[in-house]
Amino acid sequence: MSVVSGPVRVRFAPSPTGYLHIGGVRTALFNWLFARHYGGQFVLRIEDTDEKRFVDDAAADIMASLRWAGLDWDEGPDIGGPFGPYVQSQRHAEGIYATYSTQLLEAGLAYMSFTTEEELAQMRAAAEAQGIKSFRFRGPERAWPLEQQQEMAARGRPFTIRLKTPLEGETRFQDLVRGGDQIVVQHSQLQDIVLIKASGMPVYHFAHLVDDHLMQITHVMRAEEWVPSTPYHVLLYHAFGWNLPVFAHLPVILRQDGKGKLSKRKDDILTNRFWERGYLPEAMFNYLALQGWSYDDHTELMSRDEIIERFTIERVQPSPARWNPDKLKDLNGLYIRRLTTEQVAERLLPYLTKAGLIADPPTADERAYVVSLTPLIHERLVELSEAPDLLEFFFREPSPGPEGYDPALLVPKKMEAAQTAELLRAAHEALSQVKIWGIEQVEAALRALVARLEVKPGPLFGAIRVAVSGRTVAPPLFEMLVALGRERTLARLERGYTALG
RNA sequence: GCCCCCAUAGUCUAGCGGCCUAGGACGUCACCCUUUCAAGGUGAAGAUCGCGGGUUCGAAUCCCGCUGGGGGUACCA
């Protein structure tokens, strides 16, 4: 029997204070999978109540990142929906939060607090100086009648609205990911948190909760870092007399070194970087699904549809996972190899264009050429962005010397330069006589040369490889020569032995 | 400091009282294939299931303590 019954409405509610990192995508992904698996709705809501850290293009970037990862939403800022608007600053402008904070004020469950930030900072410092272990703020106004609070406000004193947290007792709540036991927090550990800032803008604790209620969110799936503040949320639901959503706190993704959670400030884990670096969204999707969720004891490679079908909250585990780029790379390579030549070629074009190897947009000839080159590197690719480097010598002439590659690379181990030059000259001679420039013919000619000169294939092929590509590591030789064409092959061999004197 | 959460190899994980002499994957190493590099194939090393107590005929699995790690402690989210 499933632990989930009834309708399902979940949301992903990022704040546009920075670009999306993969931890954020994972949270979005799990919400999305949950909605898709149980046939519910996935809502995107922008929580832009942080006026200080607001980043102008962050919301657009976040949405682009989600789309890249293959996530779509049923309701959101760009497409609207029955519970709009889906941007908190707009909802604030409509007076939604003020309506509800007033309700709490009138019920005596919240109060206007006239203590300023500066005063609060001083109080905290003073407490610390006195060796007081933990400072929990409860404003003196919690005892005031509402009229007195309003009088102060009328006199122009700036105020925040704080939750009047109970002094005694405890709050408990259940978490779907942690199952079993309830999480219990003593009220003595709480303080009177700010609900509405002096600017009139609500804080997360208040805004998200009002919106979750109004948008009829049934399951709140968010990162584990929210567990400690959940008691405040439970208290608020009770204050309003609203039904609680089901909580499911997802394990955080730890940094690669295990020291702390992923941060937006570290740009190597920003989602938009993964497109640039040549990651396939389907590989990222698969990788992220496996961060905190598993299907069984051996299945890892799964399509989007398979994951949707198999995803259940029961199989989400509570312990944090560590960011593992090696694993992602492995999956990416696996996914690249599963694509057809044409599909890979198509995905390679933007990277080649960006590197300036082909035109923007690519011509028909360039496209065809890239399709013909793709098999040479297809199974060698781990990141699509490696393609320009691997294919560069097909588009630009490598030359021995200070401007190009080191001529010493031409000379195989245990061999002299003059000897190598002879080898390359012989190869030039042999290849210039090949009638049909095909893989079999080129191979036959070079194998015959190996036999005739009584040399090992390794050193000879190695010298040719360098002469033709300017590097010691390259795609298979015969395929490479054929893709290069007779003219360019011969010209490069000649330049090779000329450089060796 | 205080509060909360978590705990199986370097990493991600399977395991939800006997199928475990702990399974899979990444990474590492070796060998095979081979013109380089990959890919692929075969195999290996790597976990006293963090430690200590219980409960039970029997514990990686349940309970308690400790330790370690992580998170929170803002008029940030």
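Each chain gets a letter, A, B and so on, in the order the sequences are listed, and its residues count up from 1.
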Handout entry: Residues Glu282(A), Arg338(A): salt bridge by 4.0 Å N-O rule
Key = no

Exercise for the section: May I ask you to say what Val184(A) touches in the nucleic acid, namely base, sugar-phosphate or nothing, with a heavy-atom cut-off under 4.0 Å? Expected result: sugar-phosphate

Practice task
Name the nucleic acid region contacted by Gln317(A), choosing base, sugar-phosphate or nothing; use a 4.0 angstrom heavy-atom cut-off, strictly under.
Solution key: sugar-phosphate

Exercise for the section: Establish, yes or no, whether the cationic atom of Arg465(A) lies under 6.0 Å from the six-membered ring centre of Phe461(A) and within 45° of the ring axis. Expected result: no

Handout entry: Span that lies between the P atom of C2(B) and that of U8(B), in whole angstrom
Key = 25 Å

Practice task
May I ask you to say what Arg315(A) touches in the nucleic acid, namely base, sugar-phosphate or nothing, with a heavy-atom cut-off under 4.0 Å?
Solution key: sugar-phosphate

Problem - Interatomic distance at P, G70(B) relative to U11(B), whole Å - result: 13 Å

Handout entry: Side-chain ion pair, Glu51(A) and Lys197(A), N-O less than 4.0 Å
Key = yes

Practice task
Tell me which residues in residues 186-199 of chain A put a heavy atom below 4.0 Å from RNA chain B, sorted by number, or none.
Solution key: Gln189(A), Gln191(A), Val194(A), Lys197(A), Ala198(A)

Problem - Separation between the P atoms of C26(B) and A39(B), rounded to whole Å - result: 11 Å

Exercise for the section: Name the nucleic acid region contacted by Gly333(A), choosing base, sugar-phosphate or nothing; use a 4.0 angstrom heavy-atom cut-off, strictly under. Expected result: nothing

Exercise for the section: Take atom P in C62(B) and the same atom in G41(B), then report the distance between them in whole Å. Expected result: 37 Å

Handout entry: Pairwise C1' distance, U73(B) and A14(B) [rounded to whole Å]
Key = 36 Å

Practice task
Determine whether the aromatic ring centres of Tyr232(A) and Trp226(A) lie less than 6.0 Å apart.
Solution key: no

Problem - Cationic N near anionic O, under 4.0 Å, Arg255(A) to Asp257(A) - result: yes

Practice task
Using a heavy-atom cut-off of under 4.0 Å over every strand shown, decide if Ser469(A) touches base, sugar-phosphate, or nothing.
Solution key: nothing

Problem - Carboxylate-amine/guanidinium contact Arg45(A) Asp212(A), below 4.0 Å - result: yes

Exercise for the section: Have a look at Lys261(A) and say if it touches a base, only the backbone sugar-phosphate, or nothing, with a 4.0 Å heavy-atom cut-off. Expected result: sugar-phosphate

Exercise for the section: Would you indicate, yes or no, if C12(B) has its OP1 or OP2 atom less than 4.0 angstrom from a side-chain nitrogen or oxygen of Ser294(A)? Expected result: no

Practice task
Kindly compute the distance separating OH (Tyr335(A)) from CZ (Phe285(A)), expressed to the nearest 0.5 Å.
Solution key: 9.0 Å

Practice task
Answer with base, sugar-phosphate or nothing: what part of the nucleic acid does Glu117(A) contact at a heavy-atom distance below 4.0 Å?
Solution key: base

Practice task
With P as the reference atom in both, quote the distance from U48(B) to A9(B) in angstrom, rounded to an integer.
Solution key: 8 Å

Practice task
Going 5' to 3' through nucleotides 21-38 of chain B, assign each nucleotide B (protein heavy atom under 4.0 Å from a base atom), S (under 4.0 Å only from sugar-phosphate atoms) or - (no protein heavy atom that close).
Solution key: --BBSSS-------BBBB

Problem - C1' atoms of G1(B) and C19(B), separation to the nearest Å - result: 48 Å

Problem - Separation between the P atoms of C20(B) and A7(B), rounded to whole Å - result: 23 Å

Exercise for the section: Quick one: label Trp226(A) by what it contacts on the DNA or RNA (base, sugar-phosphate, nothing), any heavy atom closer than 4.0 Å. Expected result: base

Completion exercise
Correct closest heavy-atom pair for Thr49(A) and Gln88(A) would be CG2-OE1, 3.4 Å

Practice task
Would you indicate what Leu446(A) reaches in the nucleic acid, counting non-hydrogen atoms under 4.0 angstrom: base, sugar-phosphate, or nothing?
Solution key: nothing

Problem - Euclidean distance, atom CD of residue Glu225(A) to atom P of A74(B) [Å, nearest integer] - result: 15 Å

Problem - Sugar-phosphate, base or nothing in reach of Arg471(A), heavy atoms under 4.0 Å - result: nothing

Practice task
State whether Arg178(A) places a side-chain N or O below 4.0 Å from either non-bridging phosphate oxygen (OP1 or OP2) of G71(B).
Solution key: no

Problem - cation_pi(Arg425(A), Tyr497(A)) dist<6.0 Å, angle<=45 - result: yes

